[in-house]
Amino acid sequence: MEIATTRPGSGTIAPRARLRSDAPQQSLDGRWRFRVSPSLRSAPADWRDADTASWSTIDVPGHWNLQGHGSPAYSNVQMPFPVDPPFPPDANPIGDYRLDFTADTGVLAHGRRLLRFDGIESAAEIWLNDTLVGTTRGSRLTHEFDVSDMLVAGVNRLAVRVAQFSDATYLENQDMWWLPGIFRSVTLLARPDGGVHDLFVRADWDDQAAEGILDVAAEVDGGGAARLVIEELGVDVPLDGSIRLGGVEPWNAERPRLYDVEVRTETETVSLKVGFRRVEVRDARLLVNGEPIMLRGVNRHEHRPRHGRVFDATVARDELLLMKRHHINAVRTSHYPPHPDVLDLFDELGFWVIDECDLETHGFEHVGWRGNPSADPAWRDAFLDRIQRTVHRDKNHTSVIMWSLGNESHVGPNLEAMARWTRSADPSRLIHYEGDGESRYVDVYSRMYAPHDEVREIGEETLRPAPFDATPAQAHRLTLPFLQCEFAHAMGTGPGGLQEYWDLFEAYPRHAGGFVWEWIEHGIAVDGPDGSSRILYGGDFGEAVHDGNFVIDGLVDADRNPRPGLLHYAAVIAPVVIDVDGARTTVRIANRYDFLDLGHVELRWSRVVDGQGTASGTLAVPPCGPREVATLELPDEARTPASAEVADVLTIEAFTTVATPWADAGHVLASGQQVCDGRPVMPPGIVAEVTEDRVGAAHFDRVTGGLVRLGDLEITGPTVGVWRAPTDNDRDLGNDELDLPPYAERWRAAGIDRMVTRLVDLRPGPDGVVVRTRTGTPILDSAIDATLRWSAVGDGAVRLDVELEPNATWTTEWARLGLDLVLEGEPLGADVAGYGPMHSYPDLRSGARFGWWHLGPHDLTVDNVKPQESGSRTGVRDARIVTEGGALHVSTLDHPFALTVSQHSRQSLAAAAHNWELTPEGRTFVSIDLAQSGVGTATCGPGVLPRHRLHAQPAAISLILRHEPTLG
Ligand code: GAL
């Protein structure tokens, strides 16, 4: 077997469209015989006809290292073996697959038969009945072979030898697990004489004439004639050139109107679903059907925690419906063409798609791009073969608006050749490649993780005259729309700064939106010793080279449960924006659809005062076209001020009045609020028993000055804290902070993870006691002085007036400025009047609404695969925290606070590498933060934006604390 060439695979027929046909076909998926050898040299030579009795069996499609043969391995940019192209290492698992099958009579009835493989990682040699069929390169690409002369009646023997690594690995160094095997379907196809071999349907839309233009090029075997039939439109004509169709509707991602088209010959009918649309660039804007569009996108990898990249139709459909429910309208198929059926779903449900070729040579970056295949003529055919397989397979899909040449393969003539070929093969779509640093051969200016300031600057560029000394490349770029093919790295707690990005995308006509990196966390699930499922990441399988948890960076977890980042993103990109004016007289509705009016939207308003609904109603939306704004009067009941202790909240929700495939009618698209802070009742101080260690219900430790008990509730603290358990983003260097180490390191160096408190004094005050403490960093002299005035206020409650004052020596920014309390018993939940229900931080809060939220024990924090800070609720005015040991009620008398209630201490979170390493601590860790830093997206992209950083500063708050009995 040849596994060190620079050539494409061999023996395949020319790539062609994926067609749904009435010709017979036979799936060869199922249980195959299988054996793996550790290297090509040691792999037995008799694999094609050996007795397979001693072999095991395996699922096809499937990855062998997820089926008990070896282990998965994860690395990102780093190659897992020496960069020595085109050679793979000697230690290179070789999988031998065998299937004996009887061909269906339907398939045998036709003289021409093809054998199709939709995905084999990474290189295969295929034999049928001991005749070499051919070889494959391009793991996520379809390869078809003509086996007409090899297929026999009776039993056929198919033998496939697959190398985990090969020359192809140098072209497939995407940031994902190495998962070898036949992981997509294997099919036998009968090809009728005079059948439709290939088709290219171009369904253009003429916006001026409001007509569709259908151009269908067919390649009929034997050159015979074909008919074009569109029953719905009464079309039944000989297939011959293009036809104009009046009375049709265009396709767009918001109204994905498809028509059933058939192409018939005497012997075969193929059917497609076709939408009419035109993609173009005009005045540096991305237009579809003459209208500018905004890509509200995600990068989608194919991943399932126990099956890797093996497709499951139900999972894929549900996943796309989940995207639609969260307003995602665009997908970049990072970094390879997805399973072919996913394209049907994109067309049907409505997504703008960047279909990306299976190409990434990123490993060469570590050697300064020396020997990069993109620039080496020896690899040229392999590059061209890959893009040709991509374009041909998917060319009839309406949703595909751009072809992407690949990802992170630097530059070189082979990429340019791909672009040239693509432009000539399909001028109806745009060409994308982020790595074309000068945008010389692409149609869109694409970047990844450009910081906000640069996004602003790129937007400004096209608003002013082009510089007189612009090079031709610069001048060309100025004609291009801008998008971020990756931005907002959804790793761990984050991504911060989404709203700030989106405001910029909306502000500049050149900007066409972007794609969050990434949709899904690629955790691999295994059974732990107790039988429960554990999610693993890079390094957990003993890999010598790996990139740890960098593969756990999604808006949904590996099982596709939304992370809070998805909920915030959904709010940022919502198709409707609702603003209520401060006086509550009017509400302004902005329609951010590109094509739809708001005819399918109604508004519901509701008024909640101190947690009690007082009034509600619906409002019809006046006519409001795409990108228009409407203003509505609010009814009196919504306006009239009420006296509230906590808050008086007017919420306006936009909901749908019609069902869609992804949501029933009543689906909430967006909400807006007007929150009037209540006036807390200042309870008068009462005469209570006051000693040095007691103020009413509050009992103090004379040595520390901290609480030991509040009523019957065992409680310690408060201590002053400015640290958080570093998030993934805190551990990384943002691309705008090159002169400083990551926050986690700066915090460690400053010692804020180990601050030490000294009691300065504890003495009786006017109505209680006054405790003064100094909390300082070890090794250094930075400190925060705290004055805590405790007084009794009746009903067993105590009032705490806190003043915090940092000294002048602080140079490190803080994660937060808060009071930390530890309660006895595991947390059971919390009732929180504040912003929720999901967690929020200063730069990650668009989806949070003020409400009276009940949080169960699992809602308090986020079960991140790698533990880290999470779970803050901002703008809290009142909260009841319930533990096994009782309940603590905290409310503010002035400023709202951010509340974090965790089952684990920050030290435990910071020390654990996996969520399943954490063990119950029997306590509840509560933080009441007076100020917080944002979270940023430094794992890739900018860190915390300057406006969301927290510098040393004084703060004060007045709180009421009480122990509340719990039921039962
Ligand atoms: C990008 C790359 C992605 C992924 C991401 C980080 O550079 O294109 O594949 O690695 O960074 O998660």
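All ligand and atom numbering here is 1-based and tracks the order in the structure.
- In N76, the part holding a heavy atom less than 4.0 Å from any atom of ligand 1 is the side chain.
- Those atoms of ligand 1 with a heavy atom of N407 less than 4.0 angstrom away are 2 (C), 8 (O), 9 (O).
- If you look at H335 next to ligand 1, the close heavy atoms, those under 4.0 Å, all belong to the side chain.
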Salt bridge (charged side-chain N to carboxylate O under 4.0 Å, His left out) between R140 and E172, worked out: CA-CA 10 Å; R140 273 67 60 171; E172 298 178 2; 3.6 Å; yes

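- For the pair R477 and Y445, the cation-pi criterion (under 6.0 Å, within 45° of the ring axis) is fulfilled.
- Relative to atom 2 (C) of ligand 1, the option among E408, H489, Q174, E434 with the closest non-hydrogen atom is E408.
- Of the N or O atoms in H362, none lie within a sub-3.5 Å distance of an N or O in ligand 1.
- Only side-chain heavy atoms of M448 come within less than 4.0 Å of ligand 1; its backbone N, CA, C and O stay farther off.
- Both the sub-6.0 Å distance and the 45° axial angle are satisfied by R746 relative to the ring of Y743.
- Residue-level proximity to ligand 1 for V77 is absent, since no heavy atom of it falls below 4.0 angstrom.
- Ranking protein heavy atoms by distance to atom 10 (O) of ligand 1, first place goes to D175 OD2, 2.5 Å.
- Seen from the ring of W519, R300 does not count as a face-on cation partner, given the 6.0 Å and 45° thresholds.
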